[in-house]
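Presented below is the structure to which this report refers.
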Amino acid sequence: MNYTFQYGVVWKNFGELLDGAILTFQLGTVAFAGGALIGLLCAALIAYGPFILRLPVHIYVVAITNTPALIQIYFLYYGLPEFGIRWSSETCLLIGLILNAGAYLTMIMRAGFLSVRRTELEAGQVLGLSVVQQVRYIIVPHIAKSIYPAMANFFIVILVMGTSVGALIGVDELTGQAINLSSVNYRWLEYFTVIALMYVVLTFIASIGLALFGRWAFRVKARIF
């Protein structure tokens, strides 16, 4: 092997890689939060809503979970301009990730909703709680322990695999920055070795944060590894 690794050029541009890592974390966090809100609403409709509302939710979940996220993001970025709708690459990536996360989190949360005993809901009705109050004070605390580990793992999936798709439409997240910088000096191995380690650090930090939050908020003894 005659290849000589030269990491000096990577360290000179490490600040730009760090900016990409920060953007990756921001995009992943916002996408997960938006997807969680959609998942909570859709799961509640599937579990307790009328058929006329459950049907479009089922169509949405089936359509999203049976097509690649890349195709969905490509449609937003390249397809919508044909209809006069133009969004930035970051906006298209974020909306695509939110819709994708919402569909998968709907299935995760649905299992949690169905685990709630009917007697608990009847008790809430007797106490005069509205549907929103039942979701807030009875359902969410009940299902949090059972679905939190799966949701935490899905956040890691979005953070690592989801945001990196943005590099294909020009988003300067971590992978996008590495592609841009390595195309100048062709030090592909050096850049991608470094960002691989940066992804490990990102997921490690996220795992610790999610585990500590789960123990504090829901008393979930989530494993860091």
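Side chains are part of it too, since the values below use all heavy atoms of this structure and drop only hydrogens, waters and symmetry mates.
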As an exercise, state the distance from [atom1] of [X] to [atom2] of [Y], rounded to the nearest 0.5 Å.
X: I158; Y: I98; atom1: CD1; atom2: CD1; result: 9.0 Å
X: L97; Y: L76; atom1: CG; atom2: CG; result: 10.0 Å
X: L105; Y: M151; atom1: CG; atom2: CE; result: 5.0 Å
X: M198; Y: T193; atom1: CE; atom2: OG1; result: 13.0 Å
X: H58; Y: L45; atom1: NE2; atom2: CG; result: 10.0 Å
X: F154; Y: L210; atom1: CZ; atom2: CG; result: 13.0 Å

Evaluate the criterion side chain to side chain contact (heavy atoms under 4.5 Å, CB included) for residue pair Y78 and C92; output intermediate values, then yes/no.
CA-CA 10 Å; Y78 294 109; C92 290; over 6 Å; no
Is the shortest heavy-atom distance from the side chain of [X] to the side chain of [Y] under 4.5 Å?
X: Y104; Y: V157; result: no
X: L168; Y: Y74; result: yes
X: R54; Y: Y48; result: no
X: S207; Y: I156; result: yes
X: V171; Y: L23; result: yes

Without hydrogens or angle criteria, can the side chains of E173 and S164 be said to hold a donor-acceptor pair below 3.5 Å?
no
Side chains of Q72 and N100: is there a donor and an acceptor less than 3.5 Å apart?
yes
Are [X] and [Y] joined in one hydrophobic group, where the rule is that I, L, V, M, F, W and Y side chains link up if heavy atoms are under 4.5 Å apart?
X: I52; Y: V57; value: yes
X: Y186; Y: F14; value: yes
X: L70; Y: Y77; value: yes
X: Y7; Y: V9; value: yes
X: F5; Y: Y191; value: yes

Polar side-chain atom of [X] near backbone of [Y] as donor-acceptor pair, under 3.5 Å:
X: T24; Y: L174; result: yes
X: Y148; Y: R215; result: no
X: Y60; Y: L99; result: yes

Evaluate the criterion side chain to side chain contact (heavy atoms under 4.5 Å, CB included) for residue pair V160 and L202; output intermediate values, then yes/no.
CA-CA 8 Å; V160 176; L202 277 177; over 6 Å; no
Using every non-hydrogen atom in the two residues, find where [X] and [Y] come nearest and quote the distance to one decimal.
X: F192; Y: S182; answer: CE1-OG, 4.1 Å
X: A31; Y: A101; answer: O-CB, 4.1 Å
X: L40; Y: M109; answer: N-SD, 3.2 Å

Evaluate whether atom CG of L197 has more than 12 neighbouring non-hydrogen atoms of other residues, nucleotides or ligands under 6.0 angstrom away.
yes
Salt bridge (charged side-chain N to carboxylate O under 4.0 Å, His left out) involving R187 - partner list, sequence neighbours excluded
E190
Side chain to side chain contact (heavy atoms under 4.5 Å, CB included) between T29 and L159, intermediate numbers included:
CA-CA 8 Å; T29 302; L159 185 65; 5.8 Å; no
Applying the side-chain contact (heavy atoms from CB on, under 4.5 Å) test to N13, which of V194, L181, N180 qualifies?
L181
Applying side chain to side chain donor-acceptor pair (under 3.5 Å), can you list everything that pairs with N185, at least two apart in sequence or on another chain?
none
Could you go through Q26 and I22, starting from their C-alpha distance and side-chain angles, then the distance that decides it, and tell me whether this counts as side chain to side chain contact (heavy atoms under 4.5 Å, CB included)?
CA-CA 6 Å; Q26 292 173 337; I22 293 172; 3.8 Å; yes
Tell me every residue that passes side-chain contact (heavy atoms from CB on, under 4.5 Å) with I85, counting only those two or more places apart in sequence or in another chain.
L80, W87
